[in-house]
Amino acid sequence: MIPPAMDSPVISVDHVSFAFDDHVVLQDVSFTVPKGSLRFLMGASGSGKSVLLKLILGLLRPDSGTITVNGNRIDQLPEDELLRVRADIGMVFQENALFDSLTVAENVGYRLYEETRMPLAEVRTRVEEVLGFIGLSEFIDRMPSELSGGQRRRVGVARGMATKPALLLFDDPTTGLDPITAMTVDDEVVKLRDLEQVTTLVATHQIRDAFYVATHKATRGADGPQVTPTAESDTTHAEFMVLHEGRIHFQGDAAELLACEDAYIKEFLFKTLPPW
């Protein structure tokens, strides 16, 4: 693997196109994700958000264009090299994908147990650390069936960050959750960005949750991490990319998205605009 330059983006997607047979999903898509930043990849169902995540992971290969992750050409790497690149990527799935037969601790530490030679005591310490970060320390020895939907989703976040990846990918992390529970997951995304400086790409069509993350910040307090609203004029904590008809139709911060006069963007935001 090639170590990335200090100022190079963590993700670079350059003129990528992809189709399933005659069904074109992506057409000439280009964007970058700088180190330590947070990007929302938005769009209607079927717009290609999850396909882009799979392309970035190397699970699919583009028909044309290049994809670079941490300085490595994902679209050209053989499978053994892809495994090494993926070791520095955390993935949080829409449906959690927790192992029902394993405890919370075993789920969170799974990659550390299976893919590293870290001593068991150190794995346990890291699991305790990440569960403390997301506020679920007391559930460490519970089974997934004993947790609520929001708690299971947060365990998925903890598993994604357990290996201290440089990049975290989220696939619709709040879909199917009620607004209050979804906010607990949103808070974890905010904390990862502000306190852990993890480069994050979130694929979602949940506009309310995306705006919440873009307009909140995390700080370390005496009682642990605290998430609070930013100043009303400060909407630069995340950037939005909207997919439409296979292309990046819009790219900008929350204020720019709200001010956009494009007909499709206005339709996409219809009845979902703040205040909530």
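As a basis for the values below, the full set of heavy atoms in this structure was taken, side chains included, without hydrogen atoms, waters or symmetry mates.
Taking each heavy atom of Lys191 and Ile134 in turn, the nearest pair found is NZ-CA, 4.2 Å. Smallest separation of non-hydrogen atoms from Arg39 and Pro34: NH2-CD, 3.2 Å. Contact record, Pro62 with Phe18: CA-CD1, 4.2 Å, taken as the closest heavy-atom pair. Annotation for Ile248 and Ser30: closest pair CG1-O, 4.2 Å, computed over non-hydrogen atoms. The two residues Thr32 and Ser12 come nearest to each other via the heavy atoms CG2-OG, 4.0 Å. Scanning both residues, Asn107 and Leu102, for their nearest heavy atoms gives ND2-O, 3.2 Å.
In this structure a side-chain-to-backbone donor-acceptor pair under 3.5 Å is missing from Arg247 to Asp28. In terms of modelled atom types and a separation under 3.5 Å, the side chain of Arg159 and the main chain of Arg111 share no donor-acceptor contact.
Checked options Val16, Val29, Val25; the residue passing with Leu55 is Val16 (criterion: side chain to side chain contact (heavy atoms under 4.5 Å, CB included)).
Checked for salt-bridge contact, Glu122 and Arg126 miss the test: no charged N lies under 4.0 Å from a carboxylate O. Between Glu261 and Lys266 there is a salt bridge, since at least one side-chain N of the basic residue sits less than 4.0 Å from a carboxylate O of the acidic one. With respect to the salt-bridge test (charged N to carboxylate O, under 4.0 angstrom), the residues Arg124 and Asp141 qualify.
Counted within 6.0 Å of CD on Glu267, heavy atoms from surrounding residues, nucleotides or ligands total 12 or fewer; the atom is thus considered open.
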For Phe211 and Phe40, run ring pair (Phe, Tyr, Trp, His ring centres under 6.0 Å): C-alpha distance rounded to whole Å, both residues' side-chain angles, the deciding distance at 0.1 Å, then the answer. CA-CA 10 Å; Phe211 270 85; Phe40 281 105; 8.8 Å; no

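Below 30°, between 30° and 60°, or above 60°: for His244 and Tyr264 the angle between ring planes is below 30°, a parallel geometry.
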